[in-house]
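See structure below.
For reference, positions follow the sequence shown, starting with 1. Whatever order the structure lists them in is the order used to number ligands and atoms, beginning at 1.
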Amino acid sequence: MSIFEGKRVAVVGGGSGIGRAVAEMALAQGADVFISSRDTAKLKRVAENKVGMTVLPLDMTHETSRAAWADQLGPIDHLVISASSAAHGAFSDLEEDALRAMFDAKFFGPYLTAKAALPHLRDGGSITFFSGVLSRRPGRNCSGLGAVNGAVESLTYGLALELGPRFRVNCVSPGMIRSDAYAAVPEAAREEMYAATGESLPLGRVGTVDEAAQAALFLMANTFTSGHVLDVDGGHMIRQYATR
Ligand SMILES: NC(=O)c1ccc[n+]([C@@H]2O[C@H](COP(=O)([O-])OP(=O)(O)OC[C@H]3O[C@@H](n4cnc5c(N)ncnc54)[C@H](OP(=O)(O)O)[C@@H]3O)[C@@H](O)[C@H]2O)c1
């Protein structure tokens, strides 16, 4: 019997990319899964014909939406928050509004969503956040995104200490993953970006959503792991320094 049998798993960001893969893997292993994000029509398409997958709309950046979501949620064993938005731009160019919106979506949203879900988390439950490699291996024109990832990782450590031993708190830090996050990039440019990043990595390629999702499943399942940031990045942390 799978350890997810009979467990209730909420995946915020479960309508696309890595979150969708997490939701589908947890469902396949016997969990009841609740998928959330802002686009209800998209979530319904994902949940169509999937027994055990329920759609619960949520905009993490709105208090009323978080409260309504938490009211409908009921008891859960695991909360995974992969939802985010990313803003890129040179330090001198990136507009303050874009930077603040990213912190709202990727830091304050997950922070306050976890807080809203906490009364529903059963003893022994877990929270899994998502950061990204830029927190510790910066890229040019990504200082803001790196900073928000760092904030999410720091939150993970602090909450793991504060919420233990009742709950575990961890974080997945993906490197570049082929996902819906890049859907707006024209295909040729997208493939070029994947190839260029892949070439720079020890594993010679970018990752898949399933590879990133497996890390979240591990962090949910392993009952002696807390306060951990798990890199799933093809070796991005040890890649060769760029020559200038
Ligand atoms: N893919 C990569 O290469 C990569 C690299 C490093 C880190 N990461 C991190 O890994 C995580 C998952 O990435 P991904 O590739 O799966 O991204 P994705 O496919 O773009 O999924 C992000 C999801 O967030 C939801 N979302 C955005 N704002 C929201 C809000 N305010 N409230 C609720 N939902 C919201 C979006 O759905 P709606 O539009 O329906 O709300 C979307 O489904 C993110 O934290 C990302 O920063 C990804």
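A salt bridge links R136 with D231: at least one charged nitrogen is closer than 4.0 Å to a carboxylate oxygen. Contact check on R178 versus E191 returns a salt bridge, with a Lys/Arg side-chain nitrogen under 4.0 Å from an Asp/Glu carboxylate oxygen.
Short contacts between ligand 1 and G17, defined as distances under 4.0 Å to a heavy atom of the residue, involve ligand atoms 16 (O), 19 (O). The contact set between ligand 1 and S131, taken as ligand atoms under 4.0 Å from a residue heavy atom, comprises 7 (C), 8 (N), 9 (C). With ligand atoms numbered from 1 in the order given, ligand 1 contributes 23 (C), 24 (O), 25 (C), 26 (N), 34 (N), 35 (C) to contacts under 4.0 Å with heavy atoms of A83. Using a 4.0 Å cut-off to heavy atoms of M176, the atoms of ligand 1 that qualify are 3 (O). Those atoms of ligand 1 that come under 4.0 Å of a heavy atom in T61, given as number and element, are 31 (N). Of all the atoms in ligand 1, the ones that sit under 4.0 Å from a non-hydrogen atom of L58 are 32 (N), 33 (C). Close contacts of ligand 1 with S82, meaning ligand atoms under 4.0 Å from a residue heavy atom, involve 11 (C), 12 (C), 44 (C), 45 (O).
Among protein heavy atoms, the minimum distance from atom 13 (O) of ligand 1 is reached at I18 CD1, 3.9 Å. Of the protein's heavy atoms, R38 NH2, 3.0 Å lies nearest to atom 39 (O) of ligand 1. In terms of protein heavy atoms, atom 21 (O) of ligand 1 is closest to S16 OG, 3.1 Å. Here the protein heavy atom with the shortest distance to atom 2 (C) of ligand 1 is Y182 OH, 3.4 Å. Closest protein heavy atom to atom 36 (C) of ligand 1: K42 NZ, 4.0 Å. Remark: minimum distance from atom 17 (O) of ligand 1 to any protein heavy atom is reached at A181 CB, 3.7 Å. At the shortest separation from atom 47 (O) of ligand 1 among protein heavy atoms lies K106 NZ, 2.6 Å. For atom 6 (C) of ligand 1, the nearest protein heavy atom (residue, atom name, distance) is P174 O, 3.3 Å.
Counting only heavy atoms from C-beta outward, the side chains of L159 and F167 never approach each other to under 4.5 Å. Residues R239 and P202 are in side-chain contact: their nearest non-hydrogen atoms beyond the backbone lie under 4.5 Å apart. Annotation: side chain of L163 is not in contact with side chain of L121 (no heavy-atom distance under 4.5 Å).
Nearest to atom 27 (C) of ligand 1 by heavy atom, out of G13, A183, S84, S37, is S84. For atom 4 (C) of ligand 1, the nearest non-hydrogen atom from the set G132, G175, A21, S179 belongs to G175.
To the nearest 0.5 Å, atoms CG (L201) and CZ (R205) are separated by 9.5 Å.
Using a 4.0 Å cut-off between heavy atoms, V133 makes no contact with ligand 1 at all.
No heavy atom of A105 sits closer than 4.0 Å to any atom of ligand 1. In this structure, R20 has no heavy atom closer than 4.0 Å to ligand 1.
At a 3.5 angstrom cut-off on N or O pairs, M60 counts as close to ligand 1.
Within the structure, side chain to side chain donor-acceptor pair (under 3.5 Å) contacts touching residues 25-47 (residues at least two apart or in different chains) are S36-W69.
Applying the 6.0 Å contact sphere to CD of E162 captures no more than 12 heavy atoms from other residues, nucleotides or ligands. Under a cut-off of 6.0 angstrom, the local environment of CZ in R190 is crowded, with over 12 non-hydrogen atoms contributed by other residues, nucleotides or ligands. Environment of CD in Q72: crowded, with over 12 heavy atoms of neighbouring residues, nucleotides or ligands closer than 6.0 Å.
Transitive grouping of hydrophobic side chains (ILVMFWY, heavy atoms separated by less than 4.5 Å) brings I76 and F129 into a common cluster.
Between the R8 side chain and the P75 main chain, a donor and an acceptor come within less than 3.5 Å of each other.
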Name each donor-acceptor pair under 3.5 Å that joins a side chain in residues 108-118 to protein atoms two or more places apart or in another chain, with its distance.
residue, atom, partner, partner atom, Å
T113, OG1, G109, O, 2.7

